[in-house]
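Predicted model, so just to flag it, every value in this text is computed and none were measured. In the text below, chain A, chain B and the rest are named by the order of the sequence lines, each starting its count at 1. Below, all heavy atoms of this structure are taken into account, side chains as well, without hydrogens, waters or symmetry copies.
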2 protein chains.
Amino acid sequence: MDKKYTIKDIAKLAGVSKGTVDRVLHKRGKVSPLALEKVNEVLKVIDYEPNLIARNLKNNKIYRICIVLPDPKIDPYWLPCLNGIDDAAKEFNAYNLVIETFYFNPEKKKSFLKTNETVLGLSPDAVLLAPLFHKETVDVIEEYHSLNIIVNTFNNQVESSFVKSFVGQDLFRSGRVAAKLLDSITDKGQIAIVHIDETYKNAIHMQEKERGFRNYFEEIENSDYTITTLKLKNPNVEISFNNFLNENPDVSGIFITTSKAYQIAKILSAFKLKKIGVVAYDLINENVTYLNQGVIDFMIHQNQKRQAYLGITSLVEYFLFQKEIPEMILLPIDIVNAENAEYYIE
Amino acid sequence: MDKKYTIKDIAKLAGVSKGTVDRVLHKRGKVSPLALEKVNEVLKVIDYEPNLIARNLKNNKIYRICIVLPDPKIDPYWLPCLNGIDDAAKEFNAYNLVIETFYFNPEKKKSFLKTNETVLGLSPDAVLLAPLFHKETVDVIEEYHSLNIIVNTFNNQVESSFVKSFVGQDLFRSGRVAAKLLDSITDKGQIAIVHIDETYKNAIHMQEKERGFRNYFEEIENSDYTITTLKLKNPNVEISFNNFLNENPDVSGIFITTSKAYQIAKILSAFKLKKIGVVAYDLINENVTYLNQGVIDFMIHQNQKRQAYLGITSLVEYFLFQKEIPEMILLPIDIVNAENAEYYIE
DNA sequence: ACAAAAAATGTGCTCGAACACACCTTAAAA
DNA sequence: TTTTAAGGTGTGTTCGAGCACATTTTTTGT
């Protein structure tokens, strides 16, 4: 019962050679109806699982996976991804894999295109992409596809039938989670949705979060809340937001859709009049400091590290073990407060 | 640059045979200083990683891992573990592994001992244990150890030097997380810690959570809260708790340390006077219903599925790829509200 | 100096799947 | 009838690490 069956075992049981068994298993043809029958009979009885180890030993192709993402030195949001990539690389470094990371400047379309040009030149087997510029991304993906390079995306979703897989979060739902949290910690009054430095590149992000956020409150009947959207731009964030607070003394909650919550938190901690509930994104150091000080109440964790990690592992397992790549992996929307934050910081 | 180096490559580069390289790599001795020098010289320059696939092909030992946990039919808390076990089994079923699950009756020490007796009889390579009865567990672990069977534990920690690894949560911290949540959603008044059906078997659990919970509030200066501990026992939970509510109209928050929050929630939803904040454990169906209804505000997810999964995978990777088994894996303390619950239900 | 023991080194086989290739058979085409 | 193609079957090699064993070289003791 214990022993795993091998092709040789099946051959012996069926009274044929392992070559024949192999042809049956791979449907390569050139098998007589009699032999086919005999082998199938055996296969029906026993539970054959090919030994992945042996299978892969022979297949000594080197798979090359390229990861393309914004430069974390320019936008630290992407920093945790490096750890995820690292983890995956370490986990699989005994296999014939080359995992390479390429950065582009998130503020420059040209940089994005140039980086992808470089990657194309390497003709990898797959690319894991963090797409920012919509039109350009679609074009680039098509190019990859035409060269038979598999494209997976993470963090940002792109409408393209050539994308094999997406790893990320449901941002609409994420907005709802934030809304529920603010609803839990505030009583009534005005709630502000704050977008900081909204640019074309992540506008969809923020909009989806806002949609979800508003959707939650719309579903509540006779709600005591009024919701305002604020679009702030550096370097005027401080002045604009201070003005807003002074003009709206009934503000009871704030939802910040980007990782720049610390800018708002800084102003709020000076503004000691009354407790305002704050929900924001991303566990970067500055934000965690204000979380620990109680200025920020909850953060939502986008789990970039795991996004990158899962994006890679699904590709590796596809190449190495011909596992199917799931079309979409939606990560949990982790709620973080000062007490459980340490488990998510990466 | 791409090609992975093999032992043969090293042998050629060093001008020795692969046998010698092998002896150097495995420190098997019988190598002349000169040959050692030559091989080490090569190893210094190149980056050799043995091919795990090839290594494991030869090693056709079948590893047997037994998982021992309370019968989920008796205590549904353990149900998600089965999914975790299943996932791990599926992931590794191409390898020479036998993963078997054994249940015991969580209310009966005898059953626990008998199940372990059975497992001992199979002389597996490792056992993953969800320990309940402290003294008995320690004895059983010692017995496993004396037979050279590796013992990993999950969910509950046991003080024993023979345990190789523990996967679970920091319960003290978990209590603090709950406290922080209640602090966020309630203003002032009395807070009740409710233990339901506390028995010897999970008393330590509840106590640790309570310690953490109280610790949080002790750290807050001039806190507006008073904290009471309630120990309720079925079938009197309903009556006792109703009495408590009537006698204590200033109750503003409740922390339920077991998965039986639904019993309390049921009473509270009848008791419509004012909103009482509720934080509880475990995403079982009954609890999620009350979470969605808004009776329970937050749940803390103990992630049993992942506990079991990680407990197994660390063993498998130890046997198959001689990875080290981490002494302790502390899972994140996931905060769940009605909006993000779906991602954690398993 | 020479045999015997010890040390050092190299060779060759194994694991299981995959596939190339050689071989044999039968049927169709010349 | 002979040639050729197609159908069917089995054998043998490969992948890389690991280890048993054979072979060669060096050391030791007499």
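Put simply, CG on B:Asp9 is 8 Å from P on D:dA17, counting in whole angstrom units. In this structure, A:Leu320 atom CG and D:dC15 atom C1' are separated by 14 Å, rounded to whole Å. Counting to the nearest Å, the C1' atom of C:dG10 and the CG atom of B:Leu34 are 16 Å from each other. If you take NZ of B:Lys61 and P of D:dG18, they are 18 Å apart, rounded to a whole angstrom. Distance B:Ile7 CD1 to C:dT11 P: 15 Å, rounded to the nearest Å. To the nearest angstrom, C1' of D:dG16 lies 12 Å from CG of B:Asn56. Atom CG in B:Asp22 sits roughly 14 Å away from atom P in C:dT11 (whole-Å rounding). What separates CD1 of B:Ile53 from C1' of D:dG18 is a distance of 16 Å, to the nearest Å.
Residue B:Tyr95 places none of its side-chain N or O atoms closer than 4.0 Å to OP1 or OP2 of C:dG16. Between D:dG18 and B:His26, a contact under 4.0 Å exists linking OP1 or OP2 to a side-chain N or O. Here B:Ser32 does not reach the OP1 or OP2 of D:dT26: none of its side-chain N or O atoms lies under 4.0 Å away. Applying the 4.0 Å criterion to OP1 and OP2 of C:dC19, one finds that A:Arg28 has a side-chain N or O inside that range. Side-chain nitrogen and oxygen atoms of A:Thr20 include none within less than 4.0 Å of the OP1 or OP2 phosphate oxygen of D:dT9. Close to D:dG18, at under 4.0 Å from its OP1 or OP2, lies a side-chain N or O of B:Arg55.
The side-chain heavy atoms of B:Leu315 and B:Tyr63, taken from C-beta on, include no pair separated by under 4.5 Å. Proximity of A:Leu310 to A:Thr313: side-chain heavy atoms (C-beta onward) are separated by under 4.5 Å at one or more points.
The residue A:Ala35 sits close only to the backbone: its heavy atoms come under 4.0 Å of sugar-phosphate atoms, none of a base. Within the nucleic acid shown, A:Asn51 comes within 4.0 Å of sugar-phosphate atoms alone, with no base atom in reach, counting heavy atoms only.
Relative ring orientation between B:His145 and B:Phe162 is described as parallel, the plane-to-plane angle staying below 30° on a 0-90° scale split at 30° and 60°.
A side chain to side chain contact (heavy atoms under 4.5 Å, CB included) with A:Leu43 is found for one member of A:Asn40, A:Asp47, A:Val45 and no other, namely A:Asn40.
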Tabulate atom names and distances for all N/O pairs under 3.5 angstrom spanning the protein and nucleotides 13-15 of chain C.
unit_1, atom_1, unit_2, atom_2, d
C:dT14, O2, B:Lys58, NZ, 3.4

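Candidate nucleotides C:dA17, C:dT9, D:dT9 were compared by shortest atom distance to the side chain of A:Lys30, and D:dT9 ranks first.
Note: A:Tyr5 and A:Tyr48 fail the aromatic proximity criterion, with ring centroids not under 6.0 Å apart.
Judged purely by distance below 3.5 Å, without hydrogens or angles, the side chains of A:Asp125 and A:Tyr318 never pair a donor atom with an acceptor atom. At a cut-off of 3.5 Å, with distance as the only test, no side-chain donor of B:Asn83 or B:Tyr309 sits close to an acceptor on the other residue.
Residue A:Glu49 places its CD atom among more than 12 non-hydrogen atoms of other residues, nucleotides or ligands, all under 6.0 Å distant.
In the interface, the side chain of B:Arg23 is paired with the base of C:dG10 through a donor and an acceptor atom under 3.5 Å apart.
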